[in-house]
**Student:** 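Questions regarding the structure given below will be posed in turn.
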Amino acid sequence: MATDQIPTLSELAQRSTTRREFLLKSSVLGTLAPFALTACDIDKAEQKAGASSGSKSVTPPTAGPATAVRNADSKLDTGGHANVHQSTAAVGKSENLAFRRFDPALPAVSPERTVKIQFTAQEVPIRISDDTVISAWTFDGDIPGPIVHVRQGDTVDFTLVNHGAIPHSMDFHTAQIDPKVAFRSANPGQPISYTFKAKYPGAFLYHCGTSPVLMHIGSGMVGAIIVDPSSPLPPAKEFVLVQSEYYLGAATAGVMPFDYTKMLATLPDYVVFNGRPTQYMTAPLKVRVGDRVRFYVVNAGPTHPCNFHVVGEQFDTVYLGAPPGFPLRGVQTFGVAPGGGMVFEMLADVPGEFVFVNHGFGHGQKGAIGILNVDGA
Amino acid sequence: MATDQIPTLSELAQRSTTRREFLLKSSVLGTLAPFALTACDIDKAEQKAGASSGSKSVTPPTAGPATAVRNADSKLDTGGHANVHQSTAAVGKSENLAFRRFDPALPAVSPERTVKIQFTAQEVPIRISDDTVISAWTFDGDIPGPIVHVRQGDTVDFTLVNHGAIPHSMDFHTAQIDPKVAFRSANPGQPISYTFKAKYPGAFLYHCGTSPVLMHIGSGMVGAIIVDPSSPLPPAKEFVLVQSEYYLGAATAGVMPFDYTKMLATLPDYVVFNGRPTQYMTAPLKVRVGDRVRFYVVNAGPTHPCNFHVVGEQFDTVYLGAPPGFPLRGVQTFGVAPGGGMVFEMLADVPGEFVFVNHGFGHGQKGAIGILNVDGA
Amino acid sequence: MATDQIPTLSELAQRSTTRREFLLKSSVLGTLAPFALTACDIDKAEQKAGASSGSKSVTPPTAGPATAVRNADSKLDTGGHANVHQSTAAVGKSENLAFRRFDPALPAVSPERTVKIQFTAQEVPIRISDDTVISAWTFDGDIPGPIVHVRQGDTVDFTLVNHGAIPHSMDFHTAQIDPKVAFRSANPGQPISYTFKAKYPGAFLYHCGTSPVLMHIGSGMVGAIIVDPSSPLPPAKEFVLVQSEYYLGAATAGVMPFDYTKMLATLPDYVVFNGRPTQYMTAPLKVRVGDRVRFYVVNAGPTHPCNFHVVGEQFDTVYLGAPPGFPLRGVQTFGVAPGGGMVFEMLADVPGEFVFVNHGFGHGQKGAIGILNVDGA
């Protein structure tokens, strides 16, 4: 299944720094229900999770008295409460963290019609460019999380194990399910499990729905689940692009935390496809002349639309809803809403180097750009 | 008719403060055609409107010389002129003002095929939460104004009586009519009337179009008119959600005025469904398993899209234009443009507690969130 | 062809100031690949372009050592690099520059099925209102550039001659072509040429794609190409509206430069249809009762949607993709994505004065408003 095909960054993180060091929060401020993680909390979380804890020599941050980690109930999980203002920042050897390209290829669909998936929730540093490491909240150690690929009608048997220091949860936009139960938060060290059927085809977002959801989405707990229609679409080279906005604070020990206040100010530092700014400029997507190309564009947001466009091409087919219904033809650019997904198709009948972008350049120019190489040989 | 079913807040306002106190402007700045309301203007306005005026002991604000209230002509009514920078602020006993939930249920359609509607334009304080009272400009004393529900082809015979202190007007997005005449401003105390046929079905915005329209929409003069298609849609539990953004200044005597400069900066303090942040978290919408649920989502703006989503569900039908044309299927989230409206349907076949949100969380998290309870019993 | 029908402002510019004076940059800052234009560069550029250079007495700006103008390669042309922070500012007699209304009428389609078009890239001042002159980067001396009108299947034989001081290029959203070759930058004085077939009907953007594309689009290098379907749409009065956002710096000698930093802050000073704020308020569009009215709305952005609406009317037809597919009916407002275009139709069966707007008023109120007069006589 998809999870096997996407390696995680957790080993990297554990090699360069102890979990305990890693999880120390650089800055945690509260408004409604303030809390602060201390080394003590982290140790407890690690004991629950069974994680190994190395060096104990790190000084805890100058936080107030330790308070219990708030276990947000399901009503608040998608609520308006702002109790975390900056994400966990790793302390230590971030310079050893390697950059890794996120593979945008849609993985093969499972031959099984009941698909078992297990993710971990992890707070890890990720190198998103030569000079930037961010303190990410993730599914399976990366932004976005693993691409999931199923067929309409498949049953997904999902488990999330929380290896993080604070509660996390999982909201699949494909699921028709009581979110109060299924999308509830898992405390550190705890799992949650649920099962759903993928009723509609299309490109769907999944994300952590724990409160404040703006912080959890904004810190990277997002990914895509692609559902094939029961009558397959025409064969194509298929790519998944998850757009995210990054709002970052000042670096601590080389790692930049996510900044909740900046998220509310809605002026991102980066807008990225699959977690890294301009990664597909240096390592483009590749197809051959004559290929049909299908982009599953999922917009994690948290705030701005993804105005998707391919320079030098038009889409012969855009599905605003479930494919194959009501295909728009001859589209230059269409906006995918935050929290939404759409399917964009083009016939690569011209060889060349085609740049795909978020054409809302005030935000899009901050990294939401890549190259599709159409090889004519 | 709809207007009868929606009680107003004007009594509350009149009980806790005199109209004259209430209408005193806390801050009025002008750029193109500056004007200031004084107690004198207000008295005149009240005399015209036949409103009773209580205590005369209130000190007028330290405004410049009283100037005539500008009666914006129709060309400017939807124009770019910024002559009002903060809304009227009520002075006095705002703490006595009760919070009231806005009923989101679509009222029954009138049995008449010519529907008489009369609204008043009123500047009143509204309690939108336990700790926040805003100085609203309203239709019939509330944000949004009364929900209007008619059938395609119905004739609407509309009258607006301006009980406010400055000119107001009414722009129904359902009307095909010369706006220079029909949507002209009514001076304080004056009525305007016009008649139109509801040509297309759907979820439409109505709003005050008096210049600066950003200020009049932004201060709360918005509402929804729902038009059933001539061939009825399938039976459903029907709800109306009007999204508004609130841009507020510092409170005077416990009442926060709307702030025009903040409206132009486009970073709202609240984004709300039906006027109050998170009101449907504490008092959810209720349906039963098996119900079809139809949301008429109208986005008053003034600026940002409403990226409508229900957690744990997908819409089996979304009408971007007039229903029943071109229904999108299997939609997770779709953006309703400011000044627009769309119809979202789902089958409530799973019991549970489903949170509906504006999934553009940077703005949406500021209050555009509620619960749909699907009762399985 | 269309280019002949749209006079340019270059004569005006050359009358009131020398090209050399005109091209002196008021402020050029670099981050990734800093460069500064000096009088020397400009002279060289002018020599290449064969432009006449008048007075040499102007003092060069206090820039660093002259460096070669960077000839951005195609990969960067649509890239994330920010090497220009303010646009060229004209020095001198901007007060002599006349205001000119941009004709929004769709020009007649060429009788030829191979259409030759030649544009120049020019940096010129443009008077956009009585009190504002901007330092524009343009196609053929105006914002937007000339309206191009062809039929589906036509061949467009295009040439751009760069009469500007820095590299420019041309990206037609109608072209299916290798952008690395066709949309490459032309150095000052150089031409680029390419040929494409207009495959799909609709309303398409063209724009300069030279890096930083945000700066080149944001400074005015945008326009519309309208492609008729092979089976013509119903007869109509046809108008083209290109929405642009303006982000301006402090004036130098009466001319306001575009400001790249403000573009990234995404809070525009003006939002305009066809280059000038509110120009169609004083000089409205005119049709007669019974006319079908077709708006080709192209959103150059660079950032915000155009939430198009006509006060007092609804659109009986909106094409989100290539007409005549999937026409939406009964639409009040629909958002056109930045970098996109849509076709909006209404039947003008009611006489009157109808205001058309961007209904996202926080931005739209900054000038994206005009009048459609429907004459009942």
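The sequence lines fix the lettering, A, B, ..., with proteins before strands; numbering per chain opens at 1.
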**Student:** Indicate the atoms forming the closest heavy-atom contact of B:G360 with A:P338, along with that distance.
**Tutor:** CA-CG, 3.7 Å

**Student:** Which heavy atom of A:A337 sits nearest to which heavy atom of B:T333, and what is that distance?
**Tutor:**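 Shortest heavy-atom separation between A:A337 and B:T333 comes out as CB-CG2, 4.2 Å.
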
**Student:** Which members of residues 294-301 of chain A, sorted by number, sit under 4.5 angstrom from chain B on a heavy-atom basis?
**Tutor:** none

**Student:** So which of B:F334, B:F326, B:F315 has the largest heavy-atom pair count under 4.5 angstrom toward chain A?
**Tutor:** B:F326

**Student:** Compare all side-chain heavy atoms of B:F354 with those of A:P179 and state whether any distance is below 4.5 angstrom.
**Tutor:** yes

**Student:** Do A:Y200 and B:D316 touch side chain to side chain, with heavy atoms closer than 4.5 Å?
**Tutor:** yes

**Student:** Could you list which of residues 341-350 of chain B have a heavy atom closer than 4.5 Å to any heavy atom of chain A, in residue-number order?
**Tutor:**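 Only B:D349, B:V350 of residues 341-350 of chain B have a heavy atom under 4.5 Å from chain A.
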
**Student:** Keeping B:Q365 on the side-chain end and A:L214 on the backbone end, is there a donor-acceptor pair under 3.5 Å?
**Tutor:** yes

**Student:** Between A:D178 and B:E353, is there a donor-acceptor pair closer than 3.5 Å when you use the side chain of the first and the backbone of the second?
**Tutor:** yes

**Student:** Give, as side chain, backbone, both or neither, the part of B:P305 having an atom under 4.5 angstrom from any heavy atom of chain A.
**Tutor:** neither

**Student:** Counting only heavy atoms closer than 4.5 Å, note whether A:A198 contacts chain B via side chain, backbone, both or neither.
**Tutor:** neither

**Student:** Of the listed residues (A:V227, A:T266, A:V336), which shares the most heavy-atom pairs with chain B below a 4.5 Å separation?
**Tutor:**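 Winner by heavy-atom pair count: A:T266.
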
**Student:** Within the distance-only criterion (no hydrogens, no angle test), does the side chain of B:Q332 pair as donor or acceptor with the backbone N or O of A:L205 below 3.5 angstrom?
**Tutor:** yes

**Student:** Pick one of side chain, backbone, both or neither for B:P277, based on which atoms fall under 4.5 Å of a heavy atom in chain A.
**Tutor:**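 No part of B:P277 comes within 4.5 Å of chain A.
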
**Student:** Give, as side chain, backbone, both or neither, the part of A:F204 having an atom under 4.5 angstrom from any heavy atom of chain B.
**Tutor:**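 Interface part for A:F204: both.
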
**Student:** Can you list the steps and then say if A:T303 with B:F361 is a side chain to side chain contact (heavy atoms under 4.5 Å, CB included)?
**Tutor:** CA-CA 6 Å; A:T303 297; B:F361 281 112; 5.5 Å; no

**Student:** For A:L264 versus B:G362, what's the shortest heavy-atom pair and its separation?
**Tutor:**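 Smallest interatomic distance, heavy atoms only, reads CD2-O, 3.8 Å.
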
**Student:** Quick one: are the ring centres of A:H207 and B:H359 less than 6.0 Å apart?
**Tutor:** yes

**Student:** On a heavy-atom basis, which atom in A:A322 and which in B:G330 lie closest, and how many Å separate them?
**Tutor:**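 In this case the closest contact between A:A322 and B:G330 is CB-CA, 4.3 Å.
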
**Student:** Does any N or O in the side chain of B:Q314 come within less than 3.5 Å of the main-chain N or O of A:H173, such that one atom is a donor and the other an acceptor?
**Tutor:**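 Yes.
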
**Student:** Can you tell which of A:I217, A:I177, A:L320 has the highest number of heavy-atom pairs within less than 4.5 Å of chain B?
**Tutor:**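 Most heavy-atom pairs within the cutoff with chain B belong to A:I177.
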
